[in-house]
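Have a look at the structure below, then the notes.
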There are 2 protein chains.
Amino acid sequence: MSDKTKKTIYDIAVRAGASPSTVSAALNGTWKQRRIAQATAERIIAIANDDGYSANLQARALRTSRSGLVALLMPEYNRFFSNIAQTFSREVRARNQCPVIISTGRNPEEEKATVADLTAWSIDALFFVGTVAPEDLSRQCTAADIPHVFIDQPCAIAPSVITDSRNGARILTQEISRSMMKLTTNLGDSPRDTIYFIGGDRLLPSTRNRVAGFSDEMIAQFGRIDPDQILAATYDMEVATQTITDLYQRLGGLPRGLFINSDSVFEGVLRFLATLPEDELTACAFGCFDYEPFGQLLRFPVHMIRQRHKMLVQRAFALMETTSPPVIEYVQPEMYRAEQITGQATVMPIQPRGPKVD
Amino acid sequence: MSDKTKKTIYDIAVRAGASPSTVSAALNGTWKQRRIAQATAERIIAIANDDGYSANLQARALRTSRSGLVALLMPEYNRFFSNIAQTFSREVRARNQCPVIISTGRNPEEEKATVADLTAWSIDALFFVGTVAPEDLSRQCTAADIPHVFIDQPCAIAPSVITDSRNGARILTQEISRSMMKLTTNLGDSPRDTIYFIGGDRLLPSTRNRVAGFSDEMIAQFGRIDPDQILAATYDMEVATQTITDLYQRLGGLPRGLFINSDSVFEGVLRFLATLPEDELTACAFGCFDYEPFGQLLRFPVHMIRQRHKMLVQRAFALMETTSPPVIEYVQPEMYRAEQITGQATVMPIQPRGPKVD
DNA sequence: AAGGTGTGCAACATCGATTGTGCAAATCCC
DNA sequence: GGGATTTGCACAATCGATGTTGCACACCTT
């Protein structure tokens, strides 16, 4: 309990009058298979506890080539990813392993380097969320023989769990247009009299799917969609502010509906909206494909779609533990429908429906 | 580049016609001191690159008893802590080490267990942010001979970097009362005609300091403070909603000013505020001791104090790398002063001033 | 040419835990 | 009571990298 240098099984062995291998077996719980007398095992365990022994995990990992580490790679610490990280931690701990969370700042080079680092640590499994180049990373893992799963971004050659963005976007669009109808009895066909999609990166599957879902619903409702309605170049906040400002200029006011593609975009858009008078704001129907609790408390109602991070992570573990072929599993998001009057939202589950793309 | 099993220095040694120790020296960069011919070293390095060699870090750590891992323990993934994590990652990487971030959910038992785990991994250094029982953890680290620093929560027996909460709270209170004066020309002495402090855990130094700063300013401005003005029992969101609801009932309306002690409390309070008519909201002066960007975009202005996470982390590294005695270093927060008209905020640095407690 | 000084590298022990193997002593069986 | 089992444990190899020691050879010196 008191010495300076860290205790090893050899120290325990000396104190117990046993051999290191016996100590190891006793502390591992493998003593039964190794035919160690129960009395001996218990004596050793008692001594180890008393000495405050804890195994050198490097040595163990070196010998067994299993580290007990499970890593999660994420691009940054925003609300969604942090939630993922939180549930990930819990799940890993529940499996008696050690969660390691690393953010790579959306930098493909850093992603690769980090994966290399992690394989050098002989990590047991690797979860990716929102990575930029899934296939490369998957190949790296396969080469190092590391089980891995992708969350929130599909990979062609590895199991993935993703939100059914297309369906979610369709439902959200539906909800926006429903609110829009309530606000305006007769829609003209000026460029303002429709819904605009703002924010996101069209190179990424998630944005593509959301755009697809948005388009599905636009065509279902209005029979057509104009490419100009989709302003999706980046998730950057400043750009979002600029984009909405430009749109406002161009249309001579807000459109009747706005599909906001993430919380960062939401924040960027709000910076501009905050400068507008209230009546302009309440004349537009807002929807955000992300959940932001403060979004419920603004001067105008905002419908929101929330990804079910818990489910995503849990399904990812399930996939990792069972499947080998690259499957893509879809998780339906939840809808937070804003009530016009109270400002409060009601949660609404979404049923899977319709065709899927990844 | 292609084999199944991972390459080791022994494999490289065979291919290079050299001994493992020579390979090790070559790849380490210690070949000069070990009098290896430059030609040999270069040949070995070339072969290693070609083979896609990467060292087994467990083996290295076992041998050297230094892992190259630097860990950050945090309670949960909220905005502030996530920001800390982000800068922490960057700083660790800049030092060519590997950042490991673990959340322990404010559970002292889990904190202890995690530290034990990390010492078993012979981690090189440990950063704590917002932990519950700093002294115990510090003792654990000292026993395992691990350098460590506390961020955002002082520890009596280890170096700490914390925000000067008392001064920040004083400034924020000042700002709230300034806004209050603008809203109401004559303050009566009904219980409503003052500022209330809501949220936080008085057992924690940060809350104690904020209460102290709040009290300082109340006494400076009004000559007195009533214990009833301080409603600080927990950071819990639901409780915050309940507390503000009760307060509203008790006072028969909102108070003239409200000091909100964190973003979680902010969110809880807002759930209630969202149900109130706008004129009641604009008649109250709000301040929040935390930064929440959406807070700038509500139906009423909110002054905010922002902790400088970057500075906190950087100073923590500096302390770790130099000091040995337990020093407490203070970092001044920033003030986001909300403008009544535009809803926008201006950032204002805060000068250190006045007495400090732990 | 003998002794001294460098140079370039291989051998080997080591970090701490795991695990296959072997060998006494105890127990069993007829 | 002697061979066959079983019980209980110690020995030693091993994981991969590091770093100390020491050996062979070349070169220099006088």
Side-chain angles (χ1 to χ4, degrees), chain A residues 3 5-45 47-48 51-68 117 119-122 124 144-145, chain B residues 3 5-45 47-48 51-68 117 119-122 124 144-145:
Chain A
D3 242 54
T5 57
K6 250 200 108 191
K7 290 281 193 303
T8 72
I9 49 169
Y10 298 90
D11 302 324
I12 309 288
V14 172
R15 263 199 68 187
S19 79
S21 58
T22 305
V23 173
S24 170
L27 298 178
N28 267 297
T30 57
W31 52 271
K32 213 151 198 171
Q33 308 144 48
R34 292 185 63 97
R35 300 187 323 212
I36 307 293
Q38 179 159 354
T40 312
E42 282 170 356
R43 181 164 43 90
I44 290 175
I45 291 174
I47 292 179
D51 273 10
Y53 168 81
S54 79
N56 181 321
L57 298 180
Q58 322 282 7
R60 173 177 296 166
L62 174 58
R63 187 58 232 267
T64 61
S65 67
R66 300 192 62 252
S67 63
D117 239 38
T119 67
W121 278 107
S122 49
D124 292 345
D145 204 31
Chain B
D3 242 55
T5 57
K6 250 200 106 193
K7 290 282 193 302
T8 72
I9 49 169
Y10 298 89
D11 302 323
I12 310 288
V14 171
R15 263 199 68 187
S19 79
S21 58
T22 304
V23 173
S24 170
L27 298 178
N28 266 300
T30 57
W31 53 270
K32 212 151 197 171
Q33 309 144 47
R34 311 232 350 231
R35 299 186 326 212
I36 307 292
Q38 177 159 357
T40 312
E42 282 169 357
R43 182 163 43 91
I44 290 175
I45 292 174
I47 292 178
D51 273 9
Y53 168 81
S54 79
N56 181 321
L57 299 180
Q58 323 281 8
R60 174 177 295 164
L62 174 59
R63 187 59 231 268
T64 61
S65 66
R66 300 193 61 251
S67 64
D117 239 36
T119 68
W121 279 107
S122 48
D124 291 345
D145 204 31

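Here is how names work: the chains are called A, B, and so on, in the same order as the sequence lines, proteins then strands, and each is numbered from 1. Side-chain atoms are counted along with the backbone in the values below, which use heavy atoms only and exclude waters and symmetry mates.
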Inset, instruction - Taking the side chain as every heavy atom from C-beta outward, state whether Ile9(A) and Tyr53(A) have any atom pair closer than 4.5 Å. - result: yes
Inset, instruction - Sequence neighbours left out, what pairs pass salt bridge (Lys or Arg N to Asp or Glu O under 4.0 Å) with at least one residue falling in residues 14-39 of chain B? - result: Arg15(B)-Asp50(B), Arg15(B)-Asp51(B)
Inset, instruction - Starting from P on dG19(D), measure out to CG on Leu27(B) and report it in whole angstrom. - result: 13 Å
Inset, instruction - Applying salt bridge (charged side-chain N to carboxylate O under 4.0 Å, His left out), name anything that partners Arg60(B), two or more places apart in sequence or on another chain. - result: none
Legend entry - Pairing residues for Gln33(B) by the side-chain hydrogen bond (donor to acceptor under 3.5 Å, both in side chains) criterion, not counting sequence neighbours: none
Inset, instruction - Report the distance from atom CG of Asn28(A) to atom P of dT19(C), rounded to the nearest whole Å. - result: 7 Å
Inset, instruction - Whole angstrom is fine here: how far is it from CZ in Arg35(A) over to C1' in dT27(C)? - result: 13 Å
Inset, instruction - Let me know the distance between CH2 of Trp31(A) and P of dT7(D), rounded to the nearest Å. - result: 13 Å
Inset, instruction - State which residues pass salt bridge (charged side-chain N to carboxylate O under 4.0 Å, His left out) with Arg66(A); sequence neighbours excluded, sorted by chain then number. - result: Asp124(A)
Inset, instruction - Go along nucleotides 10-16 of chain C 5' to 3' and tag each nucleotide: B for a protein heavy atom under 4.0 Å from its base, S when only backbone or sugar atoms are that close, - otherwise. - result: BB-BBBB
Inset, instruction - With sequence neighbours left out, write down each residue that passes side-chain hydrogen bond (donor to acceptor under 3.5 Å, both in side chains) with Asn28(B), or none if nothing qualifies. - result: Ser24(B)
Inset, instruction - For Lys32(B) and dT7(C), give me the distance from atom NZ to atom P, rounded to whole Å. - result: 13 Å
Inset, instruction - Take atom CD of Gln33(B) and atom C1' of dT7(C), then tell me their distance rounded to the nearest Å. - result: 16 Å
Inset, instruction - Starting at atom CD of Gln38(A), determine the distance to atom C1' of dT7(D), rounded to an integer number of angstrom. - result: 14 Å
Inset, instruction - Could you tell me whether Thr40(B) contacts a base, only the sugar-phosphate backbone, or nothing, with contacts defined as non-hydrogen atoms closer than 4.0 Å? - result: sugar-phosphate
Inset, instruction - Let me know the distance between CG of Asp11(B) and C1' of dA17(D), rounded to the nearest Å. - result: 13 Å
